[in-house]
Asks: 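I'd like to ask you about the structure that follows.
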Amino acid sequence: MEIYGTKLNSRLFLGTAQYPSPKVLCAAIAASSSEVITVSLRRETSEGTGTGFWQMLQETGARILPNTAGCHTVQEAVTTAQMAREIFDTDWIKLEVIGHADSLQPDVFGLVEAARILSEDGFKVFPYTTEDLIVGERLLQAGCDVLMPWGAPIGSGQGLRNPDGLQAMRAHFPDTPLIVDAGIGRPSDATQAMELGMDAVLLNTAVAKAGDPVKMASAMAQAVTAGQMGYQADPMPRRDMAVPSTPVLGLAEFA
(Lines give C-alpha, C1' and ligand atoms only; values in the text may rest on other atoms or scores of the structure.)
Protein backbone atom coordinates (compact mmCIF):
# COMPACT_ATOMS: atom_id res chain seq x y z
CA MET A 1 0.00 0.00 0.00
CA GLU A 2 1.25 3.46 -0.89
CA ILE A 3 -0.05 6.62 0.78
CA TYR A 4 1.34 10.09 0.09
CA GLY A 5 4.33 8.51 -1.62
CA THR A 6 5.14 6.23 1.34
CA LYS A 7 4.98 2.46 0.90
CA LEU A 8 3.63 0.45 3.83
CA ASN A 9 3.64 -3.31 4.29
CA SER A 10 1.23 -3.39 7.23
CA ARG A 11 -2.40 -2.40 6.74
CA LEU A 12 -3.10 -2.01 10.43
CA PHE A 13 -2.73 1.46 11.99
CA LEU A 14 -2.64 1.43 15.79
CA GLY A 15 -3.56 4.08 18.34
CA THR A 16 -1.49 4.65 21.48
CA ALA A 17 -4.02 5.78 24.12
CA GLN A 18 -5.55 4.00 27.14
CA TYR A 19 -3.02 1.18 27.47
CA PRO A 20 -2.43 -0.15 31.00
CA SER A 21 1.29 0.65 30.83
CA PRO A 22 3.99 1.89 28.43
CA LYS A 23 5.47 -1.62 28.41
CA VAL A 24 2.19 -3.14 27.25
CA LEU A 25 1.82 -0.42 24.61
CA CYS A 26 5.24 -1.16 23.12
CA ALA A 27 4.59 -4.91 23.19
CA ALA A 28 1.23 -4.40 21.45
CA ILE A 29 2.81 -2.25 18.72
CA ALA A 30 5.39 -4.97 18.10
CA ALA A 31 2.75 -7.71 18.05
CA SER A 32 0.60 -5.76 15.59
CA SER A 33 3.47 -5.26 13.12
CA SER A 34 1.98 -1.82 12.58
CA GLU A 35 4.17 0.68 10.75
CA VAL A 36 1.99 3.69 11.60
CA ILE A 37 0.88 4.65 15.10
CA THR A 38 -1.36 7.57 16.00
CA VAL A 39 -0.78 9.88 18.93
CA SER A 40 -2.67 12.86 20.29
CA LEU A 41 -0.86 16.10 20.95
CA ARG A 42 -2.69 16.23 24.27
CA ARG A 43 -1.18 12.88 25.22
CA GLU A 44 2.30 13.95 24.17
CA THR A 45 2.27 17.19 26.13
CA SER A 46 0.40 16.03 29.23
CA GLU A 47 2.23 16.32 32.53
CA GLY A 48 4.69 13.55 33.20
CA THR A 49 4.53 11.91 29.78
CA GLY A 50 5.89 14.40 27.25
CA THR A 51 9.55 13.74 26.49
CA GLY A 52 9.64 10.17 27.75
CA PHE A 53 6.53 9.20 25.84
CA TRP A 54 7.87 10.69 22.60
CA GLN A 55 11.20 8.90 22.98
CA MET A 56 9.42 5.63 23.68
CA LEU A 57 7.37 5.95 20.49
CA GLN A 58 10.47 6.73 18.46
CA GLU A 59 12.10 3.56 19.71
CA THR A 60 9.27 1.43 18.28
CA GLY A 61 10.44 2.31 14.77
CA ALA A 62 6.88 3.04 13.64
CA ARG A 63 5.90 6.18 11.77
CA ILE A 64 4.04 8.74 13.88
CA LEU A 65 0.65 9.97 12.70
CA PRO A 66 -0.34 12.83 15.04
CA ASN A 67 -4.05 13.52 15.37
CA THR A 68 -6.24 16.45 16.31
CA ALA A 69 -8.41 14.42 18.67
CA GLY A 70 -10.81 16.46 20.75
CA CYS A 71 -10.90 19.46 18.42
CA HIS A 72 -14.37 20.87 17.77
CA THR A 73 -13.57 23.89 15.58
CA VAL A 74 -11.59 24.49 12.42
CA GLN A 75 -9.22 26.91 14.13
CA GLU A 76 -8.57 24.52 17.00
CA ALA A 77 -7.83 21.65 14.61
CA VAL A 78 -5.53 23.76 12.42
CA THR A 79 -3.60 25.13 15.40
CA THR A 80 -3.23 21.66 16.91
CA ALA A 81 -1.97 20.27 13.59
CA GLN A 82 0.62 23.04 13.29
CA MET A 83 1.84 22.39 16.82
CA ALA A 84 2.00 18.64 16.14
CA ARG A 85 4.13 19.24 13.05
CA GLU A 86 6.68 21.08 15.15
CA ILE A 87 6.74 18.52 17.95
CA PHE A 88 6.72 15.34 15.89
CA ASP A 89 8.59 16.68 12.84
CA THR A 90 6.10 15.28 10.32
CA ASP A 91 3.65 16.75 7.85
CA TRP A 92 1.29 13.80 8.29
CA ILE A 93 -1.82 14.61 10.32
CA LYS A 94 -4.96 12.67 11.17
CA LEU A 95 -7.58 15.38 11.04
CA GLU A 96 -10.53 15.25 13.42
CA VAL A 97 -13.10 18.02 13.72
CA ILE A 98 -15.77 16.70 16.07
CA GLY A 99 -19.33 17.91 15.59
CA HIS A 100 -21.36 15.86 18.06
CA ALA A 101 -20.30 15.44 21.67
CA ASP A 102 -22.02 12.10 22.31
CA SER A 103 -21.33 10.17 19.11
CA LEU A 104 -18.11 12.05 18.26
CA GLN A 105 -19.40 12.21 14.71
CA PRO A 106 -17.24 14.44 12.50
CA ASP A 107 -18.35 17.95 11.62
CA VAL A 108 -17.97 17.34 7.89
CA PHE A 109 -18.34 21.02 6.99
CA GLY A 110 -15.55 22.07 9.32
CA LEU A 111 -13.55 19.01 8.30
CA VAL A 112 -13.49 20.00 4.63
CA GLU A 113 -12.52 23.57 5.49
CA ALA A 114 -9.72 22.47 7.83
CA ALA A 115 -8.49 19.93 5.28
CA ARG A 116 -8.22 22.65 2.64
CA ILE A 117 -6.30 24.98 4.96
CA LEU A 118 -3.88 22.28 6.08
CA SER A 119 -3.35 20.89 2.56
CA GLU A 120 -2.47 24.37 1.32
CA ASP A 121 -0.03 24.60 4.23
CA GLY A 122 1.81 21.47 3.08
CA PHE A 123 0.18 18.89 5.33
CA LYS A 124 -0.58 15.32 4.23
CA VAL A 125 -4.10 15.04 5.64
CA PHE A 126 -5.80 11.84 6.82
CA PRO A 127 -9.40 13.01 7.40
CA TYR A 128 -11.65 11.19 9.87
CA THR A 129 -14.97 11.36 8.05
CA THR A 130 -18.28 9.62 7.48
CA GLU A 131 -19.15 7.29 4.60
CA ASP A 132 -20.90 10.14 2.74
CA LEU A 133 -19.79 10.14 -0.91
CA ILE A 134 -20.23 13.89 -1.46
CA VAL A 135 -18.15 14.69 1.62
CA GLY A 136 -15.50 12.31 0.29
CA GLU A 137 -15.42 14.16 -3.01
CA ARG A 138 -15.08 17.51 -1.26
CA LEU A 139 -12.19 16.22 0.84
CA LEU A 140 -10.34 15.00 -2.24
CA GLN A 141 -10.93 18.37 -3.89
CA ALA A 142 -9.55 20.02 -0.75
CA GLY A 143 -6.25 18.21 -1.22
CA CYS A 144 -6.60 14.89 0.63
CA ASP A 145 -5.23 11.74 -1.00
CA VAL A 146 -6.82 9.36 1.50
CA LEU A 147 -10.21 9.02 3.22
CA MET A 148 -10.83 7.56 6.67
CA PRO A 149 -14.55 6.72 7.04
CA TRP A 150 -15.79 5.64 10.44
CA GLY A 151 -17.10 2.15 11.05
CA ALA A 152 -19.02 3.22 14.16
CA PRO A 153 -18.59 5.86 16.89
CA ILE A 154 -15.10 6.10 18.36
CA GLY A 155 -14.49 3.62 21.16
CA SER A 156 -17.91 1.95 20.78
CA GLY A 157 -16.71 -1.43 19.50
CA GLN A 158 -19.91 -1.75 17.46
CA GLY A 159 -18.13 -2.91 14.33
CA LEU A 160 -19.32 -1.73 10.91
CA ARG A 161 -22.75 -0.12 11.28
CA ASN A 162 -23.08 0.66 7.57
CA PRO A 163 -21.17 -1.90 5.49
CA ASP A 164 -23.25 -1.03 2.42
CA GLY A 165 -22.11 2.58 2.71
CA LEU A 166 -18.47 1.53 2.95
CA GLN A 167 -18.88 -0.77 -0.04
CA ALA A 168 -20.39 2.14 -1.98
CA MET A 169 -17.35 4.25 -1.09
CA ARG A 170 -15.07 1.55 -2.44
CA ALA A 171 -16.97 1.52 -5.73
CA HIS A 172 -17.14 5.31 -5.95
CA PHE A 173 -13.46 5.89 -5.09
CA PRO A 174 -11.69 2.90 -6.69
CA ASP A 175 -8.25 4.52 -6.67
CA THR A 176 -8.37 6.31 -3.32
CA PRO A 177 -6.89 4.65 -0.22
CA LEU A 178 -9.73 4.01 2.24
CA ILE A 179 -8.94 3.37 5.90
CA VAL A 180 -11.74 2.41 8.28
CA ASP A 181 -11.24 4.46 11.43
CA ALA A 182 -13.21 3.96 14.67
CA GLY A 183 -15.72 1.40 15.84
CA ILE A 184 -13.70 -1.78 15.32
CA GLY A 185 -14.20 -4.00 18.37
CA ARG A 186 -13.23 -7.52 17.35
CA PRO A 187 -10.92 -9.19 14.82
CA SER A 188 -13.98 -10.21 12.80
CA ASP A 189 -14.86 -6.52 12.37
CA ALA A 190 -11.41 -5.83 10.94
CA THR A 191 -11.72 -8.80 8.60
CA GLN A 192 -15.12 -7.59 7.39
CA ALA A 193 -13.74 -4.13 6.65
CA MET A 194 -10.93 -5.57 4.56
CA GLU A 195 -13.29 -7.97 2.78
CA LEU A 196 -15.27 -4.93 1.65
CA GLY A 197 -12.16 -3.67 -0.11
CA MET A 198 -10.84 -1.21 2.44
CA ASP A 199 -7.10 -0.60 2.20
CA ALA A 200 -6.40 -0.54 5.93
CA VAL A 201 -7.91 -0.36 9.40
CA LEU A 202 -7.11 2.08 12.21
CA LEU A 203 -8.07 1.06 15.73
CA ASN A 204 -7.13 1.78 19.34
CA THR A 205 -9.64 0.92 22.06
CA ALA A 206 -10.23 -2.65 20.85
CA VAL A 207 -6.59 -3.45 21.59
CA ALA A 208 -5.87 -1.11 24.50
CA LYS A 209 -8.92 -2.20 26.52
CA ALA A 210 -8.71 -5.92 25.76
CA GLY A 211 -7.95 -8.29 28.60
CA ASP A 212 -4.71 -9.13 26.80
CA PRO A 213 -3.78 -6.17 24.56
CA VAL A 214 -0.72 -7.89 23.11
CA LYS A 215 -2.64 -10.99 22.05
CA MET A 216 -5.45 -8.83 20.65
CA ALA A 217 -2.94 -6.76 18.66
CA SER A 218 -1.63 -9.94 17.07
CA ALA A 219 -5.17 -11.14 16.37
CA MET A 220 -6.07 -7.85 14.68
CA ALA A 221 -2.98 -8.03 12.48
CA GLN A 222 -3.91 -11.52 11.33
CA ALA A 223 -7.54 -10.50 10.82
CA VAL A 224 -6.56 -7.60 8.56
CA THR A 225 -4.33 -9.88 6.48
CA ALA A 226 -7.05 -12.54 6.19
CA GLY A 227 -9.63 -9.97 5.13
CA GLN A 228 -7.36 -8.48 2.48
CA MET A 229 -6.54 -11.90 1.05
CA GLY A 230 -10.24 -12.78 1.03
CA TYR A 231 -11.09 -9.63 -0.92
CA GLN A 232 -8.30 -10.25 -3.40
CA ALA A 233 -9.51 -13.84 -3.88
CA ASP A 234 -12.82 -12.51 -5.29
CA PRO A 235 -15.33 -14.19 -2.92
CA MET A 236 -18.34 -16.05 -4.25
CA PRO A 237 -21.57 -14.00 -4.33
CA ARG A 238 -24.31 -14.49 -1.79
CA ARG A 239 -27.27 -16.55 -3.02
CA ASP A 240 -30.91 -16.66 -2.02
CA MET A 241 -31.20 -20.40 -2.62
CA ALA A 242 -29.10 -23.43 -1.84
CA VAL A 243 -26.84 -24.73 -4.60
CA PRO A 244 -25.60 -28.31 -4.15
CA SER A 245 -21.86 -28.66 -4.02
CA THR A 246 -22.07 -32.35 -5.01
CA PRO A 247 -23.02 -33.06 -8.66
CA VAL A 248 -26.54 -34.46 -9.03
CA LEU A 249 -25.87 -36.08 -12.41
CA GLY A 250 -25.04 -39.75 -12.22
CA LEU A 251 -26.82 -40.37 -8.94
CA ALA A 252 -28.62 -43.67 -8.64
CA GLU A 253 -32.35 -43.62 -9.13
CA PHE A 254 -34.58 -45.99 -7.19
CA ALA A 255 -37.96 -46.96 -8.59
Side-chain angles (χ1 to χ4, degrees), residues 10-72 76-77 79-81 83-85 87-88 90 92-98 100-106 125-129 148-159 179-187 189-190 193 200-221 224:
S10 172
R11 294 174 182 265
L12 175 61
F13 291 27
L14 195 65
T16 57
Q18 305 183 66
Y19 286 83
S21 71
K23 181 179 179 180
V24 172
L25 167 59
C26 290
I29 293 173
S32 72
S33 300
S34 178
E35 297 173 278
V36 178
I37 54 178
T38 66
V39 60
S40 168
L41 184 65
R42 287 169 173 78
R43 167 66 170 164
E44 162 61 17
T45 57
S46 60
E47 183 178 355
T49 63
T51 303
F53 184 66
W54 174 220
Q55 291 177 345
M56 181 187 70
L57 294 182
Q58 286 182 306
E59 291 172 358
T60 67
R63 179 163 189 145
I64 304 297
L65 175 60
N67 65 42
T68 62
C71 293
H72 291 260
E76 187 179 10
T79 301
T80 300
M83 293 172 63
R85 179 165 59 182
I87 292 174
F88 297 106
T90 178
W92 281 23
I93 190 72
K94 179 192 169 189
L95 178 62
E96 296 183 26
V97 182
I98 301 302
H100 192 268
D102 291 333
S103 68
L104 301 182
Q105 180 172 334
V125 180
F126 292 69
Y128 166 60
T129 183
M148 303 183 72
W150 66 343
I154 294 172
S156 69
Q158 295 179 12
I179 303 173
V180 168
D181 177 15
I184 298 297
R186 292 168 173 77
D189 300 333
V201 167
L202 192 158
L203 53 88
N204 186 164
T205 309
V207 170
K209 291 301 185 180
D212 187 335
V214 178
K215 183 173 291 186
M216 183 60 77
S218 178
M220 287 294 186
V224 166

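As the structure is a computational prediction, the values presented were derived from the model and not from experiment. We count residues from 1, following the sequence as given.
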Asks: Do Leu65 and Ile37 come close enough that some side-chain heavy atom pair is under 4.5 Å?
Replies: no
Asks: Would you say the side chain of Gln158 lies within less than 4.5 Å of the side chain of Pro153, judging by non-hydrogen atoms?
Replies: yes
Asks: Which heavy atom in Met56 sits nearest to a heavy atom in Cys26, and how many Å separate them?
Replies: CG-SG, 3.4 Å
Asks: If I take atom CD1 from residue Ile87 and atom CD1 from residue Ile64, how far apart are they, to the nearest 0.5 angstrom?
Replies: 12.0 Å
Asks: Hey, could you give me the CD1/CG distance between Ile179 and Leu203, rounded to the nearest 0.5 Å?
Replies: 11.5 Å
Asks: Counting C-beta onward and ignoring hydrogens, is there a side-chain heavy-atom pair between Phe126 and Leu202 closer than 4.5 Å?
Replies: no
Asks: Between Thr79 and Glu76 (side chain of the first, backbone of the second, donor and acceptor by atom type, cut-off under 3.5 Å), is there such a pair?
Replies: no
Asks: Work out which heavy atom in Val214 is nearest to a heavy atom in Ala27; give both atom names and the distance.
Replies: CG2-CB, 3.6 Å
Asks: Below 4.5 Å, heavy atoms only, C-beta onward: do Leu14 and Met220 meet side chain to side chain?
Replies: no
Asks: Could you list the residues that satisfy side-chain hydrogen bond (donor to acceptor under 3.5 Å, both in side chains) with His100, not counting sequence neighbours?
Replies: Ser103
Asks: Find the distance between CZ (Arg11) and CD (Glu35) and round it off to the nearest 0.5 Å.
Replies: 10.5 Å
Asks: Can you confirm whether Tyr19 sits close enough to Val207 that some side-chain heavy atom of one is under 4.5 Å from a side-chain heavy atom of the other?
Replies: yes
Asks: Taking all non-hydrogen atoms of both residues, which atom of Glu96 and which atom of Ala69 are closest, and how far apart?
Replies: OE1-CA, 3.5 Å
Asks: First locate atom CG of Leu104, then atom OH of Tyr128, and finally report the distance between them rounded to the nearest 0.5 Å.
Replies: 6.5 Å
Asks: Are the side chains of Pro66 and Ile93 in touch, meaning some heavy atoms are under 4.5 Å apart?
Replies: yes
Asks: Is there a side-chain contact between Asp181 and Thr129 in this structure, where contact means two heavy atoms from C-beta onward sitting under 4.5 Å apart?
Replies: no
Asks: Looking only at non-hydrogen atoms, find the nearest pair between Ala190 and Val201 and report the distance.
Replies: O-CG2, 4.2 Å
Asks: Looking at CG of Leu25 and CG of Leu57, how far apart are the two atoms once the value is rounded to the nearest 0.5 Å?
Replies: 6.5 Å
Asks: What I'd like to find out is whether the side chain of Phe88 reaches to under 4.5 Å of the side chain of Val39, using heavy atoms alone.
Replies: yes
Asks: So, for Ala217 and Ala28, which heavy atoms are closest and what is the spacing to 0.1 Å?
Replies: CB-O, 3.3 Å
Asks: Heavy-atom count around Arg186 CZ within 6.0 Å, excluding the residue itself: above 12?
Replies: no
Asks: Assess whether side-chain contact (heavy atoms from CB on, under 4.5 Å) is satisfied between Val97 and Cys71, documenting all intermediate values.
Replies: CA-CA 5 Å; Val97 182; Cys71 293; 5.7 Å; no
Asks: Treating Ser34 as the side-chain partner and Leu12 as the backbone partner, does any N or O pair qualify as donor plus acceptor under 3.5 Å?
Replies: yes
Asks: Distance from Thr16 atom OG1 to Ile29 atom CD1, nearest 0.5 Å?
Replies: 7.0 Å
Asks: Determine the minimum heavy-atom distance between Gly183 and Ser156, stating which atoms define it.
Replies: CA-OG, 4.1 Å
